[in-house]
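Here is the structure we will look at.
Heavy-atom basis, side chains included; hydrogens, waters and symmetry copies ignored. To find a chain, count down the sequence lines: A is the first, B the second, and so on, and within it residues start at 1.
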Amino acid sequence: MKDVNQALAAEFGLSAEEYQRVLDIMGRTPSFTELGVFSVMWSEHCSYKSSRVWLKTLPTKAPWVIHGPGENAGVVDIGEGLAAIFKMESHNHPSFIEPYQGAATGVGGILRDVFTMGARPIANLNALRFGDPKLANTKRIVDGVVRGVGGYGNCVGVPTVGGEINFHPSYNGNPLVNAMTVGIADKDKIFLSAAAGMGNPVVYVGSKTGRDGIHGATMASTEFDADSESKRPTVQVGDPFVEKLLIEACLELMATDAIVAIQDMGAAGLTSSAVEMAGKGGVGIELDLDHVPQRETHMTAYEMMLSESQERMLIVLRPDREDVARAIFEKWDLDFAVVGHITDTGHIVVKHNGVIEADIPLDPLAEQAPLYHRPTTETPKQAELGDVADPVGILPALFKLIGCPDLCSRAWVYDQYDSTVGGQTVKRPGGADAAVVRIEGKKRAVALTTDVTPRYVQADPEMGGKQAVAEAWRNITAVGALPLAITDNMNFGNPTKPEIMGQFAASIRGIAAACVALDFPVVSGNVSLYNETEGKGILPTPAIGGLGVLEDAAQAVGLAAAPGQSLVLIGSIAGHLGQSLWLREIAGREEGPPPPVDLVVERTTGDFVRTQILAGAVAGCHDIADGGLLVAITEMLMGGNTGAVLLAPPADIAEHGWWFGEDQACYVLAVTNPSALLAAASAANIPARLLGLAGGSDLTLAGGATISMIELSAEHARFFAEWMN
Amino acid sequence: MRAAIVVFPGINRERDMAIALELSTGHKPRMVWHKETSLDGIDLVVLPGGFSHGDYLRCGAMAAQSPIMPAIRAHAERGGYVMGVCNGFQILTEAGLLPGALLRNAGLRFLSMDCNLRVERSDTAYAGHYTPGQVFRAPMAHGDGNYFASADTLDRLEGECLVAFRYAEADGSLTTAANRNGSQRNIAGIYSSNLRVLGLMPHPEDLVDPLMGGTDGKPLFDGLAAALAA
Amino acid sequence: MKAVVTVMLKDGVLDPQGKAIGHALATLGFAGVGEVRVGKRIELELGENDPEAARKAAEDMGRRLLANMVIESFKVEIV
Amino acid sequence: MKAVVTVMLKDGVLDPQGKAIGHALATLGFAGVGEVRVGKRIELELGENDPEAARKAAEDMGRRLLANMVIESFKVEIV
Ligand SMILES: Nc1ncnc2c1ncn2[C@@H]1O[C@H](COP(=O)(O)OP(=O)(O)O)[C@@H](O)[C@H]1O
Ligand SMILES: [Mg+2]
């Protein structure tokens with residue numbers, strides 16, 4: 001085995017200073033295994049060394065928050081003694097290297113983060129970003145990722161109910177795969193990972209350990225370069241069947257009183273789970289690797305400690321409950337092995353073949369973990385856009401937009417995801433601004449969404465951060481639910497570049513401001529940095545996963561408008577075309593500042609809309625986002641298989657600005673009694689305007705321009721079908 | 001009616017099925033672990049949807065070898081009622097309790113969307129609350145629902161009127177477009193010769209509540225409850 | 001002793017996977033590719049040392065689990 | 001000319017399917033079954049008549065489409 005020195009430390013991704021710090025902590029040259037432990041625990045992925053200082057500034061508290069960041073997932077009180085447990089996590093690098101397995105194991109990993117806390121997973125979402133659709137490689141990655149998300153989620157029987165998929169050349173070499181899981185538990189039966197109890201057995205359950213994904217955590221913490229090829233053997237393969245058994249077995253065990261602490265083996269496998277569990281509990285832990293269930297022969301301590309084999313959990317049991325636990329895992333045909341015990345040494349001690357392979361003090365490992373205040377430079381503000389002429393006219397632009405890769409129907413994607421298993425899916429993908437999933441046996445439901453508009457964040461990271469949170473809040477509001485909390489997945493480029501770190505810091509500022517203004521705290525999240533290939537970084541992509549609650553699922557509304565219903569705009573449109581899809585797709589420019597977000601207006605407008613929905617005054621509701629008002633209207637009409645006759649825009653706004661501007665805090669409502677709604681709005685001082693009447697089979701503008709909905713729907717459905725034929 | 005749902009490792013629509021059955025019968029079905037060996041006192045045995053044993057090798061192949069299978073076979077031979085939905089249908093064909101096999105969907109992709117099913121006959125315990133030729137909606141969610149059988153098996157099924165449901169358009173016409181998974185003769189579900197064993201790919205159990213988008217699937221369970229009453 | 005069980009779809013059972021591969025190969029520019037059939041290769045480590053016993057066991061496995069005789073046929077090879 | 005491309009997972013890569021099959025064989029009472037690995041067997045009709053050219057073509061197909069070189073390896077046989 002190589003001898004341990006600075007060169008090896010560098011290979012393991014530790015800087016010279018970091019290695020020196022290891023030497024100081026150990027007071028000697030670390031063993032190969034010890035160096036491995038330090039390198040993964042101090043990797044960006046596990047230590048958050050570049051992002052921690054900023055993450056700490058996020059608002060994480062509210063009366064309904066039971067556990068914020070710091071646990072495997074966030075936990076919020078949703079009433080009736082129930083808690084929603086959720087988190088989003090990235091699997092970007094693995095999905096580039098092996099799209100199917102990368103995406104599949106990403107779903108598996110986030111599921112474990114949620115059920116390890118005692119929740120039965122009830123919904124999955126996935127936020128995906130890919131490169132230029134014209135590239136064959138993009139097609140291959142999209143196909144593999146979508147199959148992988150479905151392959152794993154469908155098999156474990158958790159409905160995949162929502163997400164996003166967008167395209168931009170900046171993701172050519174760095175696709176983003178962010179998976180989110182939501183689970184439900186009794187709020188007084190939450191399981192945590194802090195180990196306790198001198199001598200308590202430490203139990204390993206699930207799949208056997210192989211040489212999978214060794215150093216995955218460090219891989220997830222470095223830029224891609226030519227020799228990423230050589231990192232390929234670390235690809236992990238997921239086994240959703242075993243995951244399903246693991247869910248059922250863990251939930252069965254959790255119904256007993258056997259568990260002291262439990263934690264999934266995620267990134268950095270046995271190392272991070274053992275270190276985090278003992279560290280959080282302020283105890284020590286001793287592992288005897290001879291007892292670790294192994295798939296391969298002659299595995300070294302280093303390999304076993306760093307393996308990222310999937311579908312494994314680590315549990316600290318009450319000593320007198322070992323047999324109860326063993327029986328449950330044997331029933332489910334899962335491995336069950338006592339691999340160690342809790343000590344009072346404050347050290348993690350790893351033995352193999354009677355030899356002590358590692359002995360590391362836990363406090364310094366955590367407390368002296370590197371923490372960087374990386375230099376930041378502010379992103380320069382974009383010049384105002386000024387007037388942009390309309391080169392094509394309204395309906396031709398609509399036709400082009402409705403069929404473009406970023407706005408066309410996503411049915412090809414979600415038709416491959418089982419969205420109904422569980423029998424509780426009230427609003428399926430495509431049916432509403434947020435997915436709505438009822439809690440089995442209750443009237444209550446949760447509303448779920450993921451959102452971010454990377455081109456806004458690129459143009460103005462702070463405003464873009466605000467907008468991402470605002471849009472998540474709006475989407476939850478648009479189904480009638482009360483937004484409660486978010487999880488975030490911060491996907492950025494190389495943090496050692498000041499302009500990248502500047503984007504990160506500014507978007508955190510924006511996210512934080514929006515969370516405060518909207519009472520929408522961050523309860524969990526994940527950071528993925530170094531999303532760069534040959535120096536080219538991705539658009540900054542702080543994906544937001546939002547959760548809201550509906551006391552009665554029957555009150556949820558979708559986005560479809562039915563014939564005979566009036567369309568009413570709530571909110572005010574200034575015709576903001578900067579960074580709009582119209583500007584990119586029709587005028588061929590990616591310029592200008594993103595639409596401004598006024599959080600006070602956002603809140604008053606949304607609260608009004610929600611009140612109207614809960615009062616039963618609204619048949620359909622859709623917020624204005626990508627593509628603007630006319631795209632929103634068209635989506636509502638396609639959803640209800642109807643056309644509409646629309647009224648003229650106000651005289652003081654350019655027509656294309658009115659129809660395609662991406663102004664924030666706006667909703668289109670489909671109602672049977674428009675005058676009542678308009679009256680209520682003016683009484684509440686909320687801008688509102690009658691837009692037109694749904695009906696017929698054509699979309700007709702004031703002045704007579706018209707297009708058949710059949711044509712629009714066909715164009716809407718075309719892209720993915722043709723692309724993937 | 002006393003119903004049992006067989007729980008094979010990896011199935012995942014057992015709770016959906018239990019909800020639908022309880023809604024129509026008023027009783028919670030008994031959950032039977034695949035390692036049990038008796039079904040005494042059970043009128044209806046349901047093999048639910050999911051991915052038994054991960055759908056590895058062939059969907060349903062390993063579940064068809066479960067310890068509970070002899071009891072299910074005996075129950076069927078006794079003229080008992082057995083319903084297999086999705087993975088349950090695959091298990092029944094693998095076990096030889098229904099003819100044919102379910103191959104990979106023609107498009108090689110998982111299909112999750114509502115489909116229209118045409119009721120081929122309603123003089124059975126399962127379809128009694130539908131009318132012949134009626135079309136109802138049901139979610140489907142499968143990667144291997146492409147029904148295949150030899151030509152003579154198909155002709156026998158048709159001859160004995162053992163086709164239960166076919167993929168159809170809303171107006172009942174049988175088109176290739178409606179037959180998304182490529183099944184022969186648009187077959188979505190079939191009966192055993194005595195009409196007591198039913199296998200179907202789509203999931204009526206997931207459409208029994210207006211909140212979930214409709215109640216098109218409920219008549220199947222109401223019909224069973226009525227036919228097997230007491 | 002190692003047994004290799006090869007499972008192929010019977011002729012007449014259409015093989016969408018094979019068709020898709022043939023199609024993909026054509027679009028990749030491989031000319032003149034005719035029929036493509038896809039099957040499974042299952043390699044088993046057997047406790048047996050007697051080739052005949054091993055073959056019998058493998059054939060038994062093929063019939064009872066590894067192949068579905070309605071749509072598939074299989075071959076056993078002892079290596 | 002006919003080519004047979006056999007695709008197997010690389011050693012060390014988890015084979016969930018093989019694992020499940022091994023488990024099922026054991027419950028069926030087949031004793032002493034060790035590791036089970038499952039791969040694909042792809043039979044291709046090639047327009048080629050020259051064995052060497054056929055092999056080259058098949059190997060090219062293996063690399064570019066039939067095998068996922070990240071986790072799989074393949075063998076070509078001309079028959
Ligand atoms: N961007 C973020 N915002 C808020 N919390 C975060 C963020 N990134 C990570 N966290 C929190 O830090 C903790 C560790 O994150 P992570 O290592 O991803 O969890 P796990 O190890 O369970 O995958 C989790 O509680 C997570 O919610
Ligand atoms: Mg975790």
Side-chain angles (χ1 to χ4, degrees), chain B residues 6-12 14 32-39 47-74 84 86-88 90-97 101-110 142-144 146, chain D residues 1-47 54 57-77 79:
Chain B
V6 183
V7 179
F8 299 95
I11 54 110
N12 58 34
E14 70 277 19
V32 176
W33 182 236
H34 71 122
K35 286 184 179 163
E36 292 181 39
T37 53
S38 145
L39 291 164
L47 284 63
F51 288 68
S52 60
H53 299 273
D55 274 1
Y56 295 135
L57 187 60
R58 288 183 318 278
C59 304
M62 298 182 206
Q65 308 288 346
S66 300
I68 189 68
M69 274 329 275
I72 295 175
R73 192 169 274 110
C86 198
N87 198 211
Q90 296 162 335
I91 295 167
L92 290 175
T93 57
E94 280 286 340
L97 286 168
L102 292 140
L103 307 178
R104 179 71 50 81
N105 292 345
L108 299 177
R109 290 187 188 279
F110 193 91
H142 59 252
D144 302 74
N146 182 351
Chain D
M1 200 133 234
K2 192 163 160 195
V4 176
V5 180
T6 312
V7 181
M8 301 295 293
L9 285 166
K10 290 180 177 164
D11 296 341
V13 175
L14 173 69
D15 180 357
Q17 181 157 233
K19 197 176 130 225
I21 292 172
H23 184 80
L25 287 171
T27 50
L28 276 179
F30 291 100
V33 178
E35 202 193 11
V36 180
R37 305 283 289 174
V38 182
K40 284 199 219 76
R41 174 187 171 90
I42 304 163
E43 304 180 348
L44 306 140
E45 286 297 343
L46 299 182
E59 273 167 358
D60 205 15
M61 295 173 187
R63 262 188 309 278
R64 290 178 57 195
L65 181 75
L66 304 179
N68 173 354
M69 300 306 283
V70 178
I71 51 177
E72 298 171 325
S73 61
F74 69 92
K75 261 187 15 283
V76 171
E77 211 185 319
V79 291

Which portion of I21(D) sits near chain B, non-hydrogen atoms under 4.5 angstrom: both

Gap between atom OG1 of T27(D) and atom NE2 of H53(B) - 0.5 Å precision: 7.0 Å

From NE2 (H23(D)) to CE (M62(B)), nearest 0.5 Å: 9.5 Å

